[in-house]
Engineer: 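This is the structure I have questions about; it appears just below.
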Amino acid sequence: MAVSSTLAFSDSIIQGRQFCENLRLGSYGLSSSNNLKLKGREPRWNFCSMNSELMLARLRFGTESSRKFPILSSLTPNITGEVASPLEQRVYDVVLKRANLVKEHQKSDGLEMKLDIVLPGTQQMLNEAYNRCGEVCAEYAKTFYLGTKLMTPERRKAIWAIYVWCRRTDELVDGHNASHITSTALDKWESRLEDIFSNRSYDMLDAALSDTVLKFHVDIQPFKDMIEGMRMDLVKSRYKNFDELYLYCYYVAGTVGLMSVPVMGIAPNSHATTESVYGASLALGIANQLTNILRDVGEDARRGRIYLPQDELAQAGLSDEDVFEGRVTDRWRNFMKNQIERARKYFEDAEKGVTELNQASRWPVWASLVLYRQILDEIEANDYNNFTKRAYVPKCKKLIALPVAYTRALIR
Ligand SMILES: CC(C)=CCC/C(C)=C/CC/C(C)=C/CC/C(C)=C/COP(=O)(O)OP(=O)(O)O
């Protein structure tokens with residue numbers, strides 16, 4: 001099983017690699033220019049920093065998500081006149097749009113899922129494609145895969161297809177061929193994505209995603225935004241403040257939450273607003289990514305990257321050199337405590353949304369939430385040495401977490 005799924009995924013990576021290679025060589029009719037300036041890109045880089053009081057408040061309370069976005073329910077200025085920063089506002093606009101789209105579709109067809117008439121033969125090919133997506137998911141995200149087994153077959157297959165696309169996208173910048181990847185390659189990946197959404201596929205894994213996005217009315221924007229995150233990763237190795245980091249986390253992980261909600265489905269008896277459920281899914285993506293960043297500080301530093309807010313490092317009396325040297329000092333411990341607190345707040349925001357999902361979708365989400373959050377406990381247990389020690393959740397703790405997650409999934 002492991003071998004065949006590795007092979008299955010290797011195939012897809014090889015196809016992806018071939019695709020990258022073709023892009024590099026310009027054989028898709030594009031020049032292989034390395035020019036990183038992208039059409040329409042500039043406005044995205046117009047990062048606005050927060051005012052210093054707001055930043056201090058953030059540091060004191062750990063996170064702004066619950067304070068400024070009480071599950072993102074309102075963006076009106078609060079009594080002190082604070083509003084979300086333009087970056088967060090922009091991310092939230094995406095959340096609102098996604099939620100409205102879902103509402104419109106629910107009104108128009110009364111179903112979350114569109115049922116299509118499929119030509120004979122196509123269904124068999126699609127089943128094979130979905131099975132391959134399942135194999136990839138089983139190989140690379142074992143626990144999550146296990147959880148998806150509890151979902152309805154249609155939803156489970158759709159989640160696999162989305163997972164595989166995200167994995168392939170990530171492989172472009174993180175995989176073996178990463179050093180060859182240019183923004184032009186990402187432009188081509190994006191136009192391939194547009195083809196997928198217009199029901200034109202390059203390979204069977206694309207075909208599975210095409211089928212999924214049509215059936216579940218999944219919108220293209222979060223997928224495009226994820227590619228934007230990869231573009232960001234190509235050119236950026238420092239983040240001035242949490243605002244910048246937040247946008248990066250949205251691009252590479254918050255988007256996964258937004259892609260998944262239409263498939264996971266909101267419980268029919270839920271009284272929560274669609275926006276709040278999307279907000280929670282975004283929060284889970286952000287929480288996961290922040291945790292991932294905190295776990296991988298040492299590994300990233302060895303690649304010359306620091307995914308930590310530079311201004312907060314400076315306020316803690318730390319510099320890039322401290323991170324590169326990897327000394328665990330009291331300053332570092334204090335800095336880490338604040339970062340962990342912030343990540344936990346995002347997990348808390350996410351929790352409120354999990355209970356609103358369809359019953360069968362809750363377990364995998366709870367399981368991944370509980371397990372990923374435990375990485376933060378392990379960083380603490382390692383006395384904040386995330387330079388040379390990798391925080392991981394031991395198997396026994398994972399095994400305990402699964403029934404806990406299952407029980408939580410039963411409760412509304
Ligand atoms: C909460 C609600 C309402 C819905 C849930 C919506 C979902 C599924 C959100 C999850 C988003 C998610 C899984 C984001 C990816 C985050 C992340 C950091 C993934 C890390 O992936 P790998 O790099 O493979 O991880 P490891 O390095 O730990 O193996």
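Both ligands and their constituent atoms are indexed starting at 1 by order of listing.
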Engineer: Give the ring-plane orientation class for Tyr246 versus Tyr346, where under 30° counts as parallel, over 60° as perpendicular and anything between as tilted.
Structural biologist: tilted
Engineer: Taking the six-membered ring of Phe242 (Phe, Tyr or Trp), confirm whether the NZ or CZ of Arg342 is under 6.0 Å from its centre and within 45° of its axis.
Structural biologist: yes
Engineer: Using a strict cut-off of less than 4.0 Å between a Lys/Arg side-chain nitrogen and an Asp/Glu carboxylate oxygen, indicate whether Asp195 and Arg200 qualify as a salt bridge.
Structural biologist: yes
Engineer: Does anything in residues 279-311 form a ring-ring contact (aromatic ring centres under 6.0 Å, His included)? List the pairs, not counting sequence neighbours.
Structural biologist: Tyr239-Tyr307, Tyr248-Tyr307
Engineer: Are more than 12 heavy atoms from other residues, nucleotides or ligands located less than 6.0 Å from atom CZ of Phe324?
Structural biologist: yes
Engineer: According to the interplanar angle, ranging from 0 to 90°, do the rings of Phe223 and Trp165 count as parallel (below 30°), tilted (30 to 60°) or perpendicular (above 60°)?
Structural biologist: perpendicular
Engineer: List, ordered by chain and residue number, the protein residues whose closest non-hydrogen atom lies under 4.0 Å from any atom of ligand 1.
Structural biologist: Arg167, Ala253, Val256, Gly257, Ser260, Met264, Val277, Ala280, Ser281, Leu284, Gly285, Asn288, Gln289, Asn292, Arg295, Ala350, Gly353, Val354, Leu357, Val365, Tyr372
